[in-house]
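To keep things clear, I will list the structure first and then write my remarks on it.
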Amino acid sequence: QVQLVESGGGLVQAGDSLRLSCAASGRTFSTLAMGWFRQAPGKDREFVAAISWSGDSTYYADPVKGRFAISRETVKKVSLQMDTLKPEDTAVYYCAARITTSQAMDWKKYEVDFWGQGTQVTVSS
């Protein structure tokens, strides 16, 4: 079992920045790709970004391209730098992990092997 713990959420104004972190613990795997999903009130959980197990490949959802950046600090820790935040970015952000050797791509919810508890990001206008 792999445990994922997010941190770094908060309340900011439009145009501000936040940096989220996710730490993995427990039984981890050398080919553990990691990423982020988000879920706004009344909406489905949607893919945000992913990074390959090696850290050499990244993939972003269209709404966050050019504004968000995912990076792998260590084998067991990833970050999501969020710049130029918009009110529509308001959501609970969930760290996610998948056992795969493939390059980063657009994940579906059913492809996620492990989920974090989520951290709230609120962007006021």
Side-chain angles (χ1 to χ4, degrees):
Q1 181 67 34
V2 174
Q3 293 80 46
L4 304 174
V5 180
E6 307 96 333
S7 63
L11 173 63
V12 299
Q13 296 183 0
D16 286 351
S17 298
L18 278 176
R19 188 176 183 85
L20 306 182
S21 295
C22 176
S25 62
R27 185 185 178 186
T28 58
F29 300 86
S30 61
T31 58
L32 190 69
M34 299 178 71
W36 296 88
F37 283 71
R38 67 185 182 184
Q39 187 166 21
K43 296 186 178 181
D44 292 334
R45 191 170 299 186
E46 64 177 3
F47 171 79
V48 176
I51 188 167
S52 64
W53 71 274
S54 64
D56 295 330
S57 176
T58 59
Y59 193 90
Y60 300 92
D62 287 340
V64 307
K65 286 183 178 178
R67 299 189 298 117
F68 290 11
I70 188 171
S71 61
R72 196 147 198 159
E73 301 176 20
T74 68
V75 174
K76 297 183 177 181
K77 188 174 182 179
V78 297
S79 295
L80 183 68
Q81 178 66 42
M82 304 185 294
D83 296 330
T84 318
L85 283 163
K86 304 176 180 180
E88 51 262 45
D89 294 320
T90 296
V92 176
Y93 283 71
Y94 295 90
C95 184
R98 181 186 179 190
I99 302 171
T100 179
T101 58
S102 300
Q103 294 184 341
M105 58 185 68
D106 187 2
W107 293 0
K108 299 297 188 295
K109 291 190 295 183
Y110 61 80
E111 296 178 311
V112 175
D113 293 315
F114 310 102
W115 291 101
Q117 293 296 309
T119 185
Q120 178 70 49
V121 172
T122 302
V123 184
S124 62
S125 61

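Computed over heavy atoms, backbone and side chain alike; hydrogens, waters and symmetry mates excluded.
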Can you check whether [Y]'s main-chain N or O pairs, donor with acceptor, with [X]'s side chain at less than 3.5 Å?
X    : Y    : value
E46  : R38  : no
T119 : G9   : yes
Y60  : I70  : yes
E6   : Q117 : yes
R72  : S52  : yes

ask   = Parallel, tilted or perpendicular for W107 and F47, by the 30°/60° rule?
value = tilted
query = Do the ring planes of F68 and Y93 sit parallel (below 30°), tilted (30 to 60°) or perpendicular (above 60°)?
reply = tilted
message = Check this for me: does any side-chain nitrogen of one of D89 and K86 sit under 4.0 Å from a carboxylate oxygen of the other?
response =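 Salt bridge between D89 and K86, a charged N being under 4.0 Å from a carboxylate O: no.
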request  = Apply side-chain contact (heavy atoms from CB on, under 4.5 Å) to Q1 and F114, showing your working.
outcome  = CA-CA 8 Å; Q1 181 67 34; F114 310 102; 3.9 Å; yes
query = Can you tell if the side chain of C95 reaches within under 4.5 Å of the side chain of W36, non-hydrogen atoms only?
reply =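 They are in side-chain contact.
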message = Pair K77, S21 - check side-chain contact (heavy atoms from CB on, under 4.5 Å), show working.
response = CA-CA 7 Å; K77 188 174 182 179; S21 295; 4.1 Å; yes
request  = Show your reasoning for whether side-chain contact (heavy atoms from CB on, under 4.5 Å) applies to T90 and V121.
outcome  = CA-CA 5 Å; T90 296; V121 172; 6.0 Å; no
message = Test of understanding: clusters of I, L, V, M, F, W, Y form through side-chain heavy atoms closer than 4.5 Å, transitively. Do L20 and M34 belong to the same one?
response =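 As far as the 4.5 Å side-chain criterion goes, M34 and L20 are connected within one cluster.
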task = Test side-chain contact (heavy atoms from CB on, under 4.5 Å) on R98 and V112 and set out the steps.
result = CA-CA 5 Å; R98 181 186 179 190; V112 175; 5.9 Å; no
